[in-house]
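Please read the structure below before turning to the comments.
Naming: A, B, ... by sequence-line order, numbering from 1 per chain. These values consider heavy atoms only, across backbone and side chains, with no hydrogens, waters or symmetry-generated copies.
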Number of protein chains: 2
Amino acid sequence: MGRKARFNKDHFVDAALKLLAEQGPAAVTMAAVAGESGAPIGSVYHRFVSRDVLLAELWLRIVGSFQRGFLETLKRDDGLNAALHTVRWVRKHPKEGRVLLLHRREDLASGEWPDDVKERAEGLTREINEEIRSFTLRLYGRSTRQHLLRVTFALIDVPYASVRRHLEAGNVPPKAIDDFVKDTYFTILGRES
Amino acid sequence: MGRKARFNKDHFVDAALKLLAEQGPAAVTMAAVAGESGAPIGSVYHRFVSRDVLLAELWLRIVGSFQRGFLETLKRDDGLNAALHTVRWVRKHPKEGRVLLLHRREDLASGEWPDDVKERAEGLTREINEEIRSFTLRLYGRSTRQHLLRVTFALIDVPYASVRRHLEAGNVPPKAIDDFVKDTYFTILGRES
DNA sequence: GACGTATTAGAATCTTTATTCTAGAATACA
DNA sequence: TGTATTCTAGAATAAAGATTCTAATACGTC
């Protein structure tokens, strides 16, 4: 085999997450990631070919974690709880929430991604698009641009908005916003949805 | 006096805006700003002591432009149109909209700001907070944390959310979202507001 | 027309980070 | 024990960009 590893990918991704959530993108230097992990820089590069790929990995991990629960609920046809999932997930994962909702992927990992990373990203996007589409279909019997817009607004955009300013301020989203999300959900998609 | 100026602050702020809106924060280098303006780097530094201050200026200009209309409408006690102002303003100012809604101030101009810039920023923040507060007061007779939360959600967060994904995609926000914003507004703040 | 000043010009320098490279260490296994 | 292999270490290098500096230019005024 070879020498026993003291550090693995997760160590570095965790460190990057912490830095990114607490101090923003500029603070995520390779030296800082190494420092935060108590590792030498070389070990970071031993696991990730570049900073971009490290951040891509972090991003995918977060999106995956978020989407898993969201899609599960949506597949159960439980739109309301899918909408509420964002709020709940963020309360449970404040650091991840900050990264997901306060930053754009392109501003973090700007360069080219290796193929496998690109594919994982596309997979996640495809998955959510498909599920939104089929939920829309079940709800309205068709999924025109207008229908999709409406569903996306209630299921994603509003929950996102409800939570953003509190993450920005470093606070846990207050209890009250669940009701905002819920009320908006019914207003936009109807009581029966 | 001295030599006639070929370039003024606005030239460079405009160039920075274009770069930022079209290619993101990383593309706004001092060299790029100079290049985009057809000016030498020296002239940029003649107007702005640092990149941070240039971006601060850009940010303040945009926030000011947005807030002006928003506050005017709100002062008229026309909450609904204040909410809709975001959508309309973004349609009219797509580049500025992208900057305002897709980026965080701290991620753009991270360093220390000179006092005058800091004061202008605080002035804008104070102004909007006060106006939101007095609108809330007029609407509910008091302005507790809960009331403010509710008003902020309907007036700022939801409009923001309704527009964001379309800016991200480089599109003009479609017509339909005005209705989403409106319906949500009434749901959250009541018909009489 | 000489002078002071605001500006343009852009080359040179400084900093900050990512990335590369060379050595050394630890482990499994033949 | 010898050897291939996987990691750790961290110094050296390279690149990108911000910032500084020195000179050269135009304009208004005296």
With a 6.0 Å cut-off (strictly less than), is the heavy-atom count around CZ of A:Arg133, excluding the residue itself, greater than 12?
no
May I ask you to say what A:Val33 touches in the nucleic acid, namely base, sugar-phosphate or nothing, with a heavy-atom cut-off under 4.0 Å?
nothing
Do B:Asp178 and B:Arg91 pass the salt bridge (charged side-chain N to carboxylate O under 4.0 Å, His left out) test, and can you show the C-alpha distance, the side-chain angles, and the key distance before you say yes or no?
CA-CA 11 Å; B:Asp178 296 63; B:Arg91 288 210 186 91; 2.5 Å; yes
Exercise: identify the closest heavy-atom pair between B:Ala109 and B:Ala56:
CB-N, 4.1 Å
By nearest heavy atom, map A:Phe12 and B:Gly2 onto DNA chain D; which one lands nearer the 5' end?
A:Phe12
Set of residues satisfying side-chain contact (heavy atoms from CB on, under 4.5 Å) with respect to A:Ala15, sequence neighbours excluded
A:Val33, A:Glu36, A:Ser37
Do B:Arg6 and C:dT8 share a donor-acceptor pair, side chain to base, under 3.5 Å?
no
Near-strand residues of residues 35-43 of chain B, defined as heavy-atom separation under 4.0 angstrom from DNA chain C
B:Pro40, B:Gly42, B:Ser43
Please pick, from C:dT8, D:dC7, C:dA18, the nucleotide with the shortest atom-to-atom distance to any side-chain atom of A:Arg3.
D:dC7
In terms of hydrophobic clusters joined by side-chain contacts under 4.5 Å, are B:Tyr160 and B:Val172 together?
no
Hey, which sits more toward the 5' end of DNA chain C by its nearest nucleotide, B:His46 or A:Ala31?
B:His46
Find the distance B:His11:NE2 to C:dT7:P and express it as a whole number of Å.
12 Å
